[in-house]
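What follows is one structure encoded as structure tokens, with my remarks underneath.
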Protein chains: 4
Amino acid sequence: MRKSDPIAVQLADARKNQILDAATQVFADRGFHAATIKDIAQQAGVADGTIYLYFKTKADLFVGILDRLNETERRAVDLSAAVPTEADFREFFATYMRKRLSLLEENLRTFQAVIPELLQNRELRERYLTEILEPSFRIAVPLIGKRLQPALKRKVSVELAVRTIPSMVLGMLILRMLGDPTVEKSWAELPDLLTTMLFDGFWSQSQRGKKK
Amino acid sequence: MRKSDPIAVQLADARKNQILDAATQVFADRGFHAATIKDIAQQAGVADGTIYLYFKTKADLFVGILDRLNETERRAVDLSAAVPTEADFREFFATYMRKRLSLLEENLRTFQAVIPELLQNRELRERYLTEILEPSFRIAVPLIGKRLQPALKRKVSVELAVRTIPSMVLGMLILRMLGDPTVEKSWAELPDLLTTMLFDGFWSQSQRGKKK
Amino acid sequence: MRKSDPIAVQLADARKNQILDAATQVFADRGFHAATIKDIAQQAGVADGTIYLYFKTKADLFVGILDRLNETERRAVDLSAAVPTEADFREFFATYMRKRLSLLEENLRTFQAVIPELLQNRELRERYLTEILEPSFRIAVPLIGKRLQPALKRKVSVELAVRTIPSMVLGMLILRMLGDPTVEKSWAELPDLLTTMLFDGFWSQSQRGKKK
Amino acid sequence: MRKSDPIAVQLADARKNQILDAATQVFADRGFHAATIKDIAQQAGVADGTIYLYFKTKADLFVGILDRLNETERRAVDLSAAVPTEADFREFFATYMRKRLSLLEENLRTFQAVIPELLQNRELRERYLTEILEPSFRIAVPLIGKRLQPALKRKVSVELAVRTIPSMVLGMLILRMLGDPTVEKSWAELPDLLTTMLFDGFWSQSQRGKKK
DNA sequence: TATGAATGAGGATTCATTCAT
DNA sequence: TATGAATGAATCCTCATTCAT
């Protein structure tokens, strides 16, 4: 088969995805290391050897999952790349949160497969940091910096303040991955919760007034 | 040696801790599964077989780390069990955050060793959920519920709102575990950041007014 | 302590026997290879290291058991070394059987510890063959040869015929070691059974008459 | 390959037998515990891991040998199930002995592999006793009981008398396993020897007359 | 392409033996 | 002498990867 044969390419892509789906499933359930190629082959309904026709090593399977996730991300970002409307920033933020959180939810299994390994593998960690996190912080810092409330601005670096938002999302994701039923059940309410909290504060007035 | 010999017991405890320290280090670096007993033994400066004098299996090493963490937690909680002063709740909250975050920092390697495995192992996940998370939420819900700002209260369940705080902390912890240098450098500023943000809001006034 | 100190020697001998007793017990229960020095030390009520003060290796423990058995044997043989009285050979034989079988019974655990290893270890097998079996056959052949019934003599070599007797005893011992309750219960009747059978035949007359 | 594929099944069976042959050989030479998987794999001409495609554990290899032996036994029994002819019982007995002893000889290595372990393992011992020995005794007792010579019948239980025959065979087997060259060389003469001995007695007339 | 039997390197665990106390 | 903690070689078993079909 020539690589240019479009039908063959599509077939190969389909098979690749079938295998990545299986790998995602199994990695999410057992973790990268505990998962065996046999497990994945069974889940995918193919023979062990077949996997090696599409991925050179087990580690490549993991990279394949990461790549697919990045692809998803890229497509999603394209949509949300609408300019942060000055006029109604609150609405913009809420919309962004909705999109992001539903994207997370759709790819929950993938994150479950990917995050633990990310935390355990120095190389992956570094790649993720420089290739994903830092670029997105570079975009966010100016966007957020100028809208930060003064008291905060005085106290902490914008760099740190920016981290608050992804860290809240990440935190909720982790709680959900840990199996917290409340977070799972109320996932759809999170965008509103986070928006309100960030724009209007968390604690009741009386509590706030106490400050110095 | 009789079990009751106090010197022998102390020696055994010291050796056990020496091995747990090594295991924490190695698990944090490579993850539970990728870590080998040889790695751990080398790190601890003992022979492979010695580890098995103190822990029945590799999995027991992990449980040993969890147990030690719980113990640390227990001691810490005792200190912070001070009543949530009505008078200055903001200060109480800030203090609590300072304590909690510095506890996390002190045990960073331990969390790095423990969390990925927690995310990958269904049994551990469930144990953590029912034994640690749920009880602490049960304590937090009434404490926090009555102080929640009205707009939030209307919109989301207290149960969900409560999750915001640990999820922010957890999120920052994860960012730090991923190696984000900003979070690492500014860890000490987090309590203040989080307090201000929750009590005074995150976005500047102009942005808030825009609501609805 | 000087080797010549008689009290010290006696103490050492007692300790040695205590350890050999334990080893016999454990080897009989689990077999030589499955038995651990820890098992034996526990059974003997001493520390692991102590065993090595009396026996250089685990294999030496086994040899120690064999030696003690040979010693027992030697003492027993001395007693039964009475000349095979021509006059009442039947009684002589019955007596010999009684002695031999009760000797076996007294040392049942020892045999249980020793025989399986004897069957599995080429070197031990050869030593046993040349040092124990062949010498005793050399004694038995002339004794038995001249008393063998003519039909047998014509048919088979005396060498082979001689083997019948130890093989019957050995067979019963094995059945007993296998746990056959009948053999265990009726062990005391065996000398009479074997004597009658060898002197008077096993099958009833009518069956015998059928011959050719 | 589907399990129903007859060619694949045959291949798998052949491989299984090849491995069992090797295991029999090695267990017979060194005993179950001293034998290593490497030894067996080498003897079989396969890699270590291959063995585990056909047997779950080393212990399963042993059970596989036992099963094959039972199968051999079953096939042999079918043949010899001819009714014990009243007319010429002596001939029947001699034939039976010939068959049994040649069966033992053919499977000598297997017995050498199996018996020591049988003697060392309580569970196997008990299984062998209740599943093999006791059933065959239940068959033999009535058959032999009515043909036992009167003097014996008076003296000992039929149950015990019956044990004489297998114990003789077993004894000879053990002597052969110990490497006795006479028993090995003259194995073919044993059926005749045992038949004559049981039907005509062992000792010469003059010796027998001496009784009481 | 697809298969799955075969491979063998690698890792957890055991245990005979040593040695400092 | 006696102890038992420490050692590390040896072994069972797993599983990523290869390759003949």
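Below, read A as the first sequence line, B as the second, and so on, with proteins coming before strands; counting in each chain starts at 1.
Nearest to the side chain of Thr57(A), among dT3(E), dC13(F), dT17(F), sits dT17(F). Taking every side-chain heavy atom of Ile37(C) into account, dA16(E) is the closest of dA16(E), dT1(F), dT3(E). Picking from dC15(F), dT3(F), dC13(F) the nucleotide with the shortest atom distance to the side chain of Ala47(C) gives dT3(F). The side chain of Arg15(B) lies closest to dA6(F) when the candidates are dG11(E), dA6(F), dA2(F). Considering only the side chain of Lys58(C), dT17(E) comes nearest among dT17(E), dG4(E), dT7(E). When distances are taken from the side chain of Asp48(C) to each of dC12(F), dG4(F), dT1(F), the shortest belongs to dG4(F). For Val46(D), taking side-chain heavy atoms from C-beta onward, the closest of the listed nucleotides dT7(E), dA2(E), dA16(E) is dT7(E). Closest contact between the side chain of Thr50(D) and the listed nucleotides dC12(F), dA5(F), dA6(E) involves dA6(E). The nucleotide whose nearest atom lies closest to any side-chain atom of Tyr52(A) is, among dA16(E), dA16(F), dT13(E), dA16(F).
Minimum interatomic distance between Lys58(C) and Phe32(C) (heavy atoms only, all atoms of both residues): NZ-O, 2.9 Å. Looking at every heavy atom in both residues, Val26(C) comes nearest to Ala35(C) through CG1-CB, 3.5 Å. Summarising the geometry of Gln112(D) relative to Leu119(C), their closest heavy-atom pair is NE2-O, 4.4 Å, with the distance given to 0.1 Å.
As the counterpart of dA6(F), dT17(E) is assigned, both hydrogen-bonding distances of the Watson-Crick or G-U wobble pattern falling under 3.5 Å.
Atom CD of Glu71(A) has more than 12 neighbouring heavy atoms from other residues, nucleotides or ligands inside a 6.0 Å radius.
Distance CG (Asp60(D)) to P (dC13(F)): 9 Å, rounded to an integer number of Å.
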